[in-house]
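Some notes on the structure that comes next.
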Amino acid sequence: MDCSMHKPDPNIGQGQPIIRQLNEAAINQIAAGEVVERPASAIKELVENAIDAGASRIDVDYADGGKRLIQVTDNGCGIASEDLALAMSRHATSKIDGSDLLNIQSFGFRGEALPSLGAVGKLTLTSRTATGSGAELQVMGGKLSPVRPTAMQPGTRATLRDLFYATPARLKFLRSDRAEAQAIADVVKRLAMAEPAIAFSLRDTVTGRMVFQVQAEQGDMFSALRGRLGQLMGRDFVDNAIALDAEREGVNLTGFAGLPTYSRGAAVAQYLFVNGRPVRDKLLLGALRGAYADFLSRDRHPAVALFVECEPTLVDVNVHPAKSEVRFREPAMVRGLIVSGLRHALAEAGHRASTTVSSAALGAFTPELTGQPRVYQMDRPRNAPGYSGLAETATMFDPQPSARLEDAPQIEAQHRPLGAARAQLHENYILSQTKDGLVIVDAHAAHERLVYEKLKTQMAHTGVGAQALLIPEVISLSEGDMVLLMEQNATLSQMGLSIEPFGQGAVAVQSVPALLGHVDVQRLVLDIVDELSDGGTQQSLQAQLEAILSRVACHGSVRTGRRMQADEMNALLREMEATPHSGQCNHGRPTYVSLAMSDIEKLFGRT
């Protein structure tokens with residue numbers, strides 16, 4: 001017999017359970033558990049209050065990861081001394097009157113943040129209005145002290161000490177001071193992105209280190225946002241990001257989206273906002289993944305700062321106490337706007353690749369400093385270690401006769417963005433000369449992207465042209481793979497791939513996409529089966545279709561190891577310049593590296 005069934009419940013008596021009204025302190029501590037998860041969430045609530053108060057400057061200080069001290073100072077409208085005590089009451093707010101909870105115009109509206117903080121920590125609220133005098137109110141574990149006058153500039157200063165001292169069990173769930181400090185920086189950074197017209201500072205009072213400090217940005221929306229993002233996300237981001245401005249049915253999408261070649265190994269540079277409110281919304285994140293799915297492999301993540309603006313009545317922000325999730329009235333329309341807006345902007349970028357690709361290449365070329373004086377090749381004796389004569393290295397660089405282009409009249413082509421082809425290295429890489437530098441092109445990766453874009457265009461208009469095989473190719477498959485393939489037979493037929501069952505455990509391929517030319521049919525079919533298996537049922541039909549086309553395109557691209565003629569190489573460069581997304585292959589890797597002459601000269605000490 002399970003004896004645990006007879007143990008008394010410590011929360012109720014042994015007789016008939018009695019319904020009780022919880023006291024105010026318990027109610028506030030329960031509310032704090034929802035609103036104040038960690039120091040970063042406390043700072044978020046206080047900074048949002050400062051923004052709602054119309055502040056033009058907000059200073060945030062913390063100690064020990066926010067566990068010992070949190071202080072937020074602003075120059076906003078302030079709180080009148082007679083309202084300080086009321087501000088500490090639950091559900092007391094100046095943001096709404098309660099008549100329409102679907103028309104929220106401010107960050108805060110619940111009236112829970114201040115009493116929640118006062119319930120679990122030692123909170124001091126000091127404030128002054130423009131026309132009044134300063135006043136201060138202290139709250140410890142939910143108990144209010146009398147309001148007293150104090151000297152104060154117009155604005156509000158909220159000082160929270162010993163967070164969770166009234167609920168010490170909560171402290172055990174906090175992470176290290178460093179981890180909590182990183183969470184604080186992320187929260188303040190997100191809020192600062194949404195408000196480029198407000199100056200922010202974040203300081204660690206223990207070390208005295210200014211974590212970051214940004215001044216108020218001037219100018220129009222895009223220039224102000226660009227300046228703010230450059231300070232918080234780095235100049236590399238804004239130099240390699242595309243401006244977005246799209247609208248659909250009263251919903252606006254603005255912001256900046258990084259080029260696919262500026263992707264990251266984790267989703268650490270994705271900042272999403274709805275009506276200025278930082279959110280981590282599943283719908284928006286899913287739309288972001290869908291928009292970049294055509295350009296990045298599954299292990300790469302885009303860098304973006306996207307702002308969705310709409311009438312408050314079109315989105316419900318009253319979904320979660322932390323207000324990090326929202327619910328749109330027309331979620332499918334919003335998702336479509338994000339996907340189409342991002343894809344249109346990326347298409348307009350053409351063949352552009354991120355400048356960080358060139359920087360990384362230069363870094364790879366630069367030798368490590370050893371403290372020894374530089375020794376140039378011409379200074380080495382012929383029998384010294386490390387010396388290799390020209391004849392020994394010529395096979396690496398010297399192109400085949402068919403690809404030797406130095407004597408060709410290509411002055412005009414040098415003024416094109418990707419220049420004039422001069423050589424083919426290792427039977428894959430095209431070396432091209434521009435008017436002010438050189439370009440190295442991965443011919444296989446570039447052609448793979450070009451074939452993919454052609455396949456997508458054909459598919460969207462007339463379907464992919466098919467090339468009938470003189471002799472159908474029979475391919476053996478497992479029963480499960482047969483089912484996967486046959487389920488998509490109609491779609492594959494539109495792609496120019498005609499497949500029919502051929503007895504048990506085999507299919508006969510009747511035709512392949514004409515664009516591919518000569519192709520290894522068995523490898524092509526097996527790759528498609530792999531993609532159908534990898535994608536599963538979670539992908540949308542469009543995403544699965546694009547993933548299959550991407551695999552197909554790989555089989556029609558220039559293969560590594562094939563010697564290219566001069567006209568082939570130049571035709572590839574011209575086609576890249578005219579094709580959207582050609583700056584990256586189907587997996588998000590760069591298709592070319594561009595080096596300026598000034599950078600090349602630095603490598604040889606010609607500065």
Side-chain angles (χ1 to χ4, degrees), residues 221-223 225-226 229-230 233-247 252-264 269-272 287-297 300-307 336-361 415-419 432 434 436-437 439-442 445-457 460 546 549-550 553 572-596:
M221 178 191 69
F222 276 103
S223 61
L225 182 58
R226 181 185 291 273
L229 293 177
M233 295 183 69
R235 294 305 312 175
D236 276 348
F237 172 74
V238 295
D239 289 343
N240 295 289
I242 309 156
L244 285 167
D245 190 2
E247 188 272 338
N252 292 279
L253 174 67
T254 55
F256 289 88
L259 293 166
T261 47
Y262 187 77
S263 62
R264 307 290 293 272
Q270 297 177 359
Y271 300 95
L272 306 174
L288 177 60
R289 283 193 299 270
Y292 276 87
D294 203 20
F295 315 108
L296 294 177
S297 59
R300 301 298 298 178
H301 304 268
V304 299
L306 302 180
F307 297 78
L337 170 64
I338 293 172
V339 173
S340 63
L342 281 168
R343 291 198 169 186
H344 180 73
L346 293 172
E348 288 188 338
H351 70 280
R352 180 182 166 196
S354 61
T355 58
T356 51
V357 173
S358 301
S359 301
H415 292 271
R416 300 286 189 99
L418 295 182
S432 174
T434 63
D436 56 3
V439 174
I440 305 172
V441 178
D442 184 336
H447 197 236
E448 181 180 337
R449 187 79 210 185
L450 298 177
V451 172
Y452 177 41
E453 293 299 327
K454 286 179 180 177
L455 286 171
K456 284 199 300 181
T457 302
E546 290 172 347
L549 283 176
S550 177
L572 181 66
L573 299 179
R574 303 291 81 80
E575 194 170 356
M576 287 176 66
E577 292 166 352
T579 303
H581 316 308
S582 61
Q584 63 275 324
C585 74
N586 301 353
H587 314 291
R589 293 188 293 270
T591 56
Y592 70 90
V593 175
S594 178
L595 302 176

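When a residue number appears, it is its place in the shown sequence, counting from 1. All values below were derived from every heavy atom in this structure, side-chain atoms included, with hydrogens, water molecules and symmetry-related copies excluded.
- Annotation: side chain of Phe256 is not in contact with side chain of Met233 (no heavy-atom distance under 4.5 Å).
- Between the NE2 atom of His301 and the CG atom of Leu288 there is a distance of 10.5 Å, given to the nearest 0.5 Å.
- Rounding to the nearest 0.5 Å gives a distance of 5.0 Å between CG of Asn586 and CZ of Arg449.
- Within the 4.5 Å cutoff, the side chain of Ser582 has heavy atoms near those of the Leu450 side chain.
- Considering OG1 of Thr591 and NE2 of His447, their distance stands at 12.5 Å, rounded to 0.5 Å.
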- [ ] Go through the steps for Gln270 and Arg289 under the test side chain to side chain contact (heavy atoms under 4.5 Å, CB included), then give the verdict.
- [x] CA-CA 11 Å; Gln270 297 177 359; Arg289 283 193 299 270; over 6 Å; no

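- Closest heavy-atom contact between Gly583 and Thr261: O-CG2, 3.8 Å.
- Residues passing the ring-ring contact (aromatic ring centres under 6.0 Å, His included) test with His581 are Phe295, sequence neighbours excluded.
- Residue Ala257 comes nearest to Tyr292 through the heavy atom pair CB-OH, 3.3 Å, listed as atom of the first residue, atom of the second, then distance.
- Taking 4.5 Å as the limit, some side-chain heavy atom of Leu306 sits within range of a side-chain heavy atom of Leu342.
- Note that CG of Leu549 and CG of Leu455 are 5.5 Å apart. Values are rounded to the nearest 0.5 Å.
- Checking side-chain atoms of Arg235 against main-chain N and O of Gly230 turns up no donor-acceptor pair under 3.5 Å.
- The distance from atom NE2 of His415 to atom OG1 of Thr434, rounded to the nearest 0.5 Å, is 10.0 Å.
- Nearest heavy-atom pair, Val441 versus Ala446, reported as atom, atom and distance to 0.1 Å: CG1-CB, 4.1 Å.
- To the nearest 0.5 Å, the span separating CG on Leu346 from CG on Leu244 amounts to 7.5 Å.
- For Ala291 against Val339, the heavy-atom pair with the smallest separation is CB-CA, 3.9 Å.
- Pairs passing the salt bridge (Lys or Arg N to Asp or Glu O under 4.0 Å) check and including a residue from residues 578-590, sequence neighbours excluded, do not occur.
- A donor-acceptor distance shorter than 3.5 angstrom exists from the side chain of Thr457 to the backbone of Glu453, with no hydrogens or angles considered.
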- [ ] Starting from the C-alpha separation in whole Å, work towards a yes-or-no answer on side chain to side chain contact (heavy atoms under 4.5 Å, CB included) for Glu348 and Ile242.
- [x] CA-CA 9 Å; Glu348 288 188 338; Ile242 309 156; 5.8 Å; no

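- Considering only heavy atoms from C-beta on, Cys585 stays 4.5 Å or farther from Asp442 through its side chain.
- Taking the side chain as every heavy atom from C-beta outward, Tyr271 and Leu229 never approach each other to under 4.5 Å.
- Residue Ala303 comes nearest to Phe237 through the heavy atom pair O-CE1, 3.4 Å, listed as atom of the first residue, atom of the second, then distance.
- When side chains are defined from C-beta on, Tyr592 does not count as touching Leu573, because their heavy atoms never get closer than 4.5 Å.
- With hydrogens and angles ignored, the 3.5 Å screen pairs a side-chain donor or acceptor of Glu577 with a backbone N or O of Leu418.
- The two atoms that bring Gly255 and Leu225 nearest to each other are CA-CD2, 4.0 Å, heavy atoms only.
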